[in-house]
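Starting off with a structure, shown below.
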Amino acid sequence: MSDAGCRRNGRPRLDVLAELNEEYTEILALLDHHTAMRRLSSAVPKLTGVEVAFVGSPRGSQQLVLGDFVNDYTGVANGLVVPAGAGLGGKVLMARRPLWVSDYRESPEIGLDFMPHVTAEGVHAMIAAPILHDGRLLGVLYGADRYRHRFDDRTIHAFEQVAARMAAAQVIAERSRHAAEVAAHEERRRMALELHDTVGAMLFTLGAGIRRLHDEPNLDDTVRARLAMIDQQASEAIAALRGSLHVLSAPPEQVALGVALREHCRAFSERTGVIARMITLTELPGLAPARLRALADAAREALLNAEKHARAQSVVVSAFATRDGVMVTVSDDGEGIAADQTCHDGLGLAAVTDRLARVGGTLGVTENDDGGVTVQAWVPA
Ligand SMILES: Nc1ncnc2c1ncn2[C@@H]1O[C@H](COP(=O)(O)OP(=O)(O)OP(=O)(O)O)[C@@H](O)[C@H]1O
Ligand SMILES: [Mg+2]
């Protein structure tokens with residue numbers, strides 16, 4: 001092999017591969033929420049100039065749990081629970097904006113809850129910023145210095161930026177984890193169907209053959225009894241296989257909605273040749289089956305309508321958690337609802353509205369920026 005074949009820009013090709021591999025590992029690492037948080041947290045001192053950094057992760061809506069400490073001496077505050085309103089982070093949890101103090105120990109508004117921890121760590125100046133996405137609090141980022149000083153605008157701004165990056169990393173991690181869970185379920189389901197078609201069919205044929213043999217006249221009684229036993233075993237094997245296939249193909253609660261929507265999108269694309277993409281924008285809470293069905297039915301009717309009325313080039317179905325429920329939207333880039341559609345015979349949307357209302361949900365139909373229609377179905381979680 002020539003030298004040029006082994007090297008690019010004078011560097012061995014292996015180096016390039018190692019670099020690529022490192023980049024790839026980094027990207028994969030970021031897809032894990034905790035690793036992403038730890039990585040960003042460890043970069044806070046360099047990015048913002050503070051000495052100590054840590055993160056408060058929400059536990060319910062009224063508490064933070066402190067962790068991911070960088071440059072702390074004692075570890076005393078690791079795992080500490082901060083209630084809403086207490087200390088600096090508890091205040092950020094409520095105010096949802098950055099707050100800071102020049103000297104924690106001499107700020108009367110902070111209270112005494114965490115004074116032993118702060119004193120043990122030798123901390124004075126402290127800053128905390130909310131990690132927010134779409135109004136949802138994903139955590140609180142803290143920074144602290146072991147001397148008293150006023151935080152300047154540059155540090156505050158840098159802090160807000162790191163908090164924004166942390167929010168983005170968490171959202172990406174949530175989305176990719178959900179997508180991976182849906183994909184894993186789809187693979188399990190595919191395997192289940194394959195086993196059903198192959199092993200299931202073979203067991204059935206085997207059972208039928210044994211039964212035919214069992215019914216043969218002139219058979220020795222012992223052989224007949226043995227055949228009856230083998231037939232019984234084959235039936236039990238079929239029942240066990242069915243049970244396992246059922247478990248394999250049933251989607252777990254958290255991914256059931258994503259799976260149902262993906263299936264509707266795939267069927268729509270197959271019928272129409274128009275691309276329908278499914279995006280999960282946040283982690284989704286598990287939904288009661290009736291609510292899940294109402295959302296999936298709404299999406300199916302919206303896709304049917306896009307097929308019948310829209311003349312769309314593409315359709316996007318998205319699902320995301322709202323503060324108190326789950327929203328599914330179906331947007332097409334078609335012609336929009338015709339102006340003379342004030343009175344029509346269609347029942348589809350009315351039926352969907354009814355079904356959603358029965359589980360406490362709502363339906364909205366609006367024109368979108370592409371001139372097409374966006375259907376929004378919501379249910380409480
Ligand atoms: N994506 C869309 N693009 C353009 N027009 C739409 C779209 N979705 C709905 N419409 C308009 O809204 C009307 C009402 O929709 P609806 O689903 O209630 O009834 P339908 O689809 O006409 O009939 P049915 O659903 O009972 O078969 C439709 O007739 C159509 O004119
Ligand atoms: Mg319809």
Side-chain angles (χ1 to χ4, degrees), residues 33 57-64 84 93-96 130-140 167-182 185 250-265 268 276-306 315-332 348-369 372-381:
H33 160 176
S57 304
R59 191 162 79 181
S61 60
Q62 295 297 309
Q63 285 181 335
L64 294 170
L93 178 65
M94 294 179 73
R96 303 202 161 212
I131 303 169
L132 285 170
H133 178 74
D134 262 358
R136 208 158 53 102
L137 189 107
L138 307 176
V140 171
Q170 277 210 37
V171 170
I172 291 168
E174 277 181 6
R175 276 183 213 168
S176 56
R177 195 178 57 229
H178 190 269
E181 279 168 2
V182 171
H185 163 71
E253 212 187 46
Q254 306 86 312
V255 301
L257 180 63
V259 169
L261 295 176
R262 281 260 284 252
E263 276 168 13
H264 286 323
C265 283
F268 170 87
R277 280 186 304 131
M278 150 75 192
I279 311 173
T280 312
L281 296 174
T282 65
E283 198 163 11
L284 300 173
L287 283 175
R291 290 181 172 162
L292 192 150
R293 258 196 317 277
L295 278 184
D297 285 355
R300 191 186 51 201
E301 174 61 23
L303 284 165
L304 263 175
N305 280 348
V315 179
V316 176
V317 176
S318 67
F320 52 94
T322 62
R323 197 177 286 264
D324 43 7
V326 176
M327 176 86 91
V328 169
T329 70
V330 180
S331 301
D332 65 60
L349 290 177
V352 165
T353 309
D354 256 22
R355 216 167 299 151
L356 284 165
R358 255 179 268 142
V359 294
T362 56
L363 185 82
V365 181
T366 54
E367 192 165 297
N368 60 39
D369 292 344
V373 170
T374 293
V375 172
Q376 296 178 306
W378 178 85
V379 296

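Along the sequence shown, the residues carry numbers beginning at 1.
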From L363 CG over to L356 CG, what is the distance, rounded to the nearest 0.5 angstrom? 6.0 Å
R277 atom CZ, neighbour heavy-atom count above 12 within 6.0 Å: no
Output a table of donor-acceptor pairs, distance under 3.5 Å, between side-chain atoms of residues 287-304 and any protein atom two or more places apart or on a different chain; print 'none' if there are none.
| unit_1 | atom_1 | unit_2 | atom_2 | d |
| --- | --- | --- | --- | --- |
| R291 | NE | V359 | O | 3.3 |
| R291 | NH1 | P380 | O | 3.3 |
| D297 | OD2 | R355 | NH1 | 2.9 |
| E301 | OE2 | N305 | ND2 | 3.4 |

Could you pull out the closest heavy-atom pair between M278 and A319, with the gap in Å? CE-CB, 4.3 Å
Around atom CG of D369, are there more than 12 heavy atoms of other residues, nucleotides or ligands at under 6.0 Å? no
Min side-chain heavy-atom separation V375-V352 under 4.5 Å: no
What's the spacing between M327 CE and L284 CG if we round to 0.5 Å? 12.5 Å
Between CE of M94 and CD of Q62, what distance do you get to the nearest 0.5 Å? 7.0 Å
Determine whether L138 and V171 make a side-chain contact, defined as any pair of heavy atoms from C-beta on separated by less than 4.5 Å. yes
From R96 CZ over to L137 CG, what is the distance, rounded to the nearest 0.5 angstrom? 5.0 Å
Of all heavy-atom pairs between G325 and W378, which one has the smallest distance, and what is that distance? CA-NE1, 3.7 Å
Nearest-0.5 Å distance that lies between atom CZ in R323 and atom OG in S61: 10.0 Å
Excluding sequence neighbours, so at least two apart, what forms side chain to side chain contact (heavy atoms under 4.5 Å, CB included) with T374? T329, S331, T366, N368, Q376
Exam field: side chain D332 to backbone V373, donor-acceptor pair closer than 3.5 Å: yes
In Å and rounded to the nearest 0.5 Å, what is the CD1 to SG distance from I279 to C265? 9.5 Å
List in chain and number order the residues that pass side chain to side chain contact (heavy atoms under 4.5 Å, CB included) with V259, two or more places apart in sequence or in another chain; answer none if no residue qualifies. V182, H185, P251, V255, E263
